[in-house]
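Heads up, the thing below is written out as structure tokens.
Counting convention: from 1, in listed order, for ligands and their atoms alike.
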Amino acid sequence: MILSGNEFKKRQLGVAVVGSGRMGSHRARLASLHPAVSYLVVGDINEDQARKLAEVSKANGYSTDNFELINDPRVDVVIVSTPEDQHRDSVEAAIMAGKSVLVEKPLALTIDDGDRLSKLAQEKGVDLRIGYSQRFLQKYFVAHDEISKGKLGPILGGMTRVYNTRTNMLEILKRCPEATPILDIITYNVDYIGWCLGPDVSPVEVQAMGHGTIFRDQGFDVDDISLTMVKYSTGAVFSFDICYALPGGFPTTGQSVRLEVMGRDGVILIDDDHRDQIMYSEHGYSNAYAPDQKLNLAFLGSRSSGEWADGIMFGRIADETKEWLDSQSTGAKCHLTTAKEARQTLAVTLAMAEASETGQPVPLANI
Ligand SMILES: NC(=O)c1ccc[n+]([C@@H]2O[C@H](COP(=O)([O-])OP(=O)(O)OC[C@H]3O[C@@H](n4cnc5c(N)ncnc54)[C@H](O)[C@@H]3O)[C@@H](O)[C@H]2O)c1
């Protein structure tokens, strides 16, 4: 029996990836494997980097001119995978061209830029999404779904904490000195808890303390450890703690996370430390963030973005990129962070940085 009216709507997509580093490479290779993508161009300020990625991803072309890529008439959607302080101009150009955008987190590093981009996207009716890819790990996505169905009852609060090595943090700071552990990493957990609490709940106050000598000795004015707390409009309280200064030989090569949510009727405990998958090898395991580093003992699966194995990518960037392309092609529901959500998360992390510096609570009225 043929059912009339049931038609699959699948738009073919032209994709531009701006920034051909770690994330841009994942995104472009994934786009080239996606059945709805029929045209792909990649770019970077470093021509060599763009050319290499074009070859690996079998792209139709490459450029060092971001605006040429974004305004290419065969391009329908744009992925911006440049460093944290280089998002604004490409996102703005894509919005002005009326093309949907996926930009890496955080949306911006200042509230002025965050406001400007989220307002512009709203004015122009452009779908702007931010790659808070932690949402797309199965354990977090399913927990969010259970919380949304009310299984925990009203949320009382909880804790999140994330560890990584100083080796990885120094690579991030070299890429962008303003990308501090709070603005660049805790931001994932602030996004996730905000997503779980829902659109009607807002953060109202932030407190924080920090301490650090390791990164300061390397010339970066950044704390090694930050302990922060947020109170929400329902009264729920969450702590968001981070130490990205573990010794370089510690076996994680990405985020090691604990996340716990308490409700009146239930609790969710997520162990994302990766201690369930250990490899030891005399030949070493590569740290994607610092490819020259070879670890003998490694938590397999700890690479935050995910893992390529024999031509297939597993993990959060794979699932996130696929869902974004699926939704662009079919119009299916998209679970990526909206510009409004990302702007609120940015305000919380900036308040955490301020509270840590001043030692005073920071109210978040009218954010
Ligand atoms: N979701 C995740 O799991 C995840 C993981 C890592 C990084 N990120 C985010 O992805 C972004 C990029 O991080 P990365 O690790 O890929 O960095 P990277 O340094 O590996 O790559 C960035 C690339 O952008 C290029 N570039 C710099 N300025 C540019 C410009 N103005 N125009 C075009 N190209 C430019 C650089 O030459 C480099 O090749 C950051 O926002 C970061 O926070 C997300």
Side-chain angles (χ1 to χ4, degrees), residues 16-30 41-54 56-57 62-70 78-94 101-109 113-114 117 129-137 140 162 164 168-189 191-192 244 253-255 257 272 287-291 301-307 313-321 323-324 336-337 342 345-346 349:
V17 177
V18 181
S20 302
R22 300 180 191 91
M23 297 309 297
S25 297
H26 294 314
R27 305 279 191 197
R29 290 175 66 192
L30 290 162
V41 283
V42 300
D44 202 285
I45 41 167
N46 177 336
E47 184 168 1
D48 209 30
Q49 191 91 348
R51 185 182 42 73
K52 277 190 200 144
L53 178 58
V56 171
S57 63
Y62 68 91
S63 175
T64 54
D65 180 343
N66 297 341
F67 304 110
E68 182 191 358
L69 295 171
I70 292 165
V78 176
I79 298 176
V80 178
S81 295
T82 48
E84 293 78 355
D85 55 354
Q86 299 291 316
H87 290 170
R88 192 190 63 201
D89 293 352
S90 294
V91 173
E92 202 169 285
V101 191
L102 163 55
V103 59
E104 308 295 345
K105 49 49 67 174
L107 171 60
L109 292 169
D113 281 353
L117 294 175
R129 301 288 177 147
I130 297 78
Y132 277 99
S133 37
Q134 188 181 48
R135 290 184 178 199
F136 284 86
L137 275 179
Y140 296 96
V162 52
N164 203 339
N168 287 20
M169 191 63 227
L170 284 168
E171 289 298 319
I172 295 171
L173 290 169
K174 275 188 238 156
R175 169 176 83 211
C176 176
E178 293 81 33
T180 63
I182 291 178
L183 286 183
D184 213 45
I185 312 298
I186 289 184
T187 189
Y188 285 112
N189 301 313
D191 169 73
Y192 181 76
Y244 252 48
T253 61
Q255 293 160 26
V257 185
D272 196 16
N287 177 355
Y289 250 88
S302 63
R303 286 179 181 146
S304 302
S305 327
E307 315 261 0
M313 191 184 193
F314 297 88
R316 60 197 221 175
I317 293 299
D319 290 319
E320 180 186 66
T321 309
E323 193 197 282
W324 186 70
L336 274 81
T337 301
T345 292
L346 175 63
T349 55

Taking [atom] as the reference point, the nearest protein heavy atom with its distance:
atom: atom 39 (O) of ligand 1; value: D44 OD2, 2.6 Å
atom: atom 2 (C) of ligand 1; value: Y188 OH, 2.9 Å
atom: atom 31 (N) of ligand 1; value: Q86 OE1, 2.9 Å
atom: atom 9 (C) of ligand 1; value: E104 CB, 3.6 Å
atom: atom 42 (C) of ligand 1; value: E84 OE2, 3.2 Å
atom: atom 32 (N) of ligand 1; value: N66 ND2, 3.0 Å
atom: atom 13 (O) of ligand 1; value: R175 NH1, 3.4 Å
atom: atom 8 (N) of ligand 1; value: M23 CG, 3.5 Å

Numbering the atoms of ligand 1 from 1, which are under 4.0 Å from a heavy atom of [X]?
X: D184; answer: 43 (O)
X: H87; answer: 41 (O)
X: Q49; answer: 39 (O)
X: Y289; answer: 6 (C), 7 (C), 15 (O)
X: S133; answer: 1 (N), 2 (C), 3 (O)
X: G131; answer: 1 (N)

Main-chain N/O of L346 paired with T349 side-chain donor or acceptor, under 3.5 Å: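 Indeed, once roles are kept as given, a pair shorter than 3.5 Å links the two residues.
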
Pairing residues for R88 by the side chain to side chain contact (heavy atoms under 4.5 Å, CB included) criterion, not counting sequence neighbours: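 E92, D113, R116, L117.
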
T180: partners by side chain to side chain contact (heavy atoms under 4.5 Å, CB included), with sequence neighbours left out: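 Result, side chain to side chain contact (heavy atoms under 4.5 Å, CB included) vs T180: I182, L183, V222.
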
D44/R51 salt bridge by N-O under 4.0 Å criterion: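 No, this pair does not count.
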
Short N-O contact, R316 and D319, less than 4.0 angstrom: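 No, this pair does not count.
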
Is any side-chain heavy atom of [X] closer than 4.5 Å to a side-chain heavy atom of [Y]?
X: Y244; Y: I172; answer: yes
X: Q255; Y: I185; answer: yes
X: H87; Y: L107; answer: no

Option from Y140, F136, Y132 for which ring-ring contact (aromatic ring centres under 6.0 Å, His included) with Y192 holds: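 With Y192 as partner, Y140, F136, Y132 yield a single ring-ring contact (aromatic ring centres under 6.0 Å, His included), made by Y140.
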
Using a heavy-atom cut-off of under 4.0 Å, does the side chain or the backbone of [X] touch ligand 1, or both, or neither?
X: R22; result: both
X: K105; result: both
X: I317; result: side chain
X: S81; result: backbone

Distance-only N or O hit between ligand 1 and R316, under 3.5 Å: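 It does: an N or O of R316 is found under 3.5 Å from an N or O of ligand 1.
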
Of the listed options T82, I172, I45, L109, closest to atom 12 (C) of ligand 1 (non-hydrogen atoms):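 Minimum heavy-atom distance to atom 12 (C) of ligand 1 goes to T82.
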
For R129 against W324, the heavy-atom pair lying closest together: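 Heavy-atom minimum between the residues: CG-NE1, 4.1 Å.
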
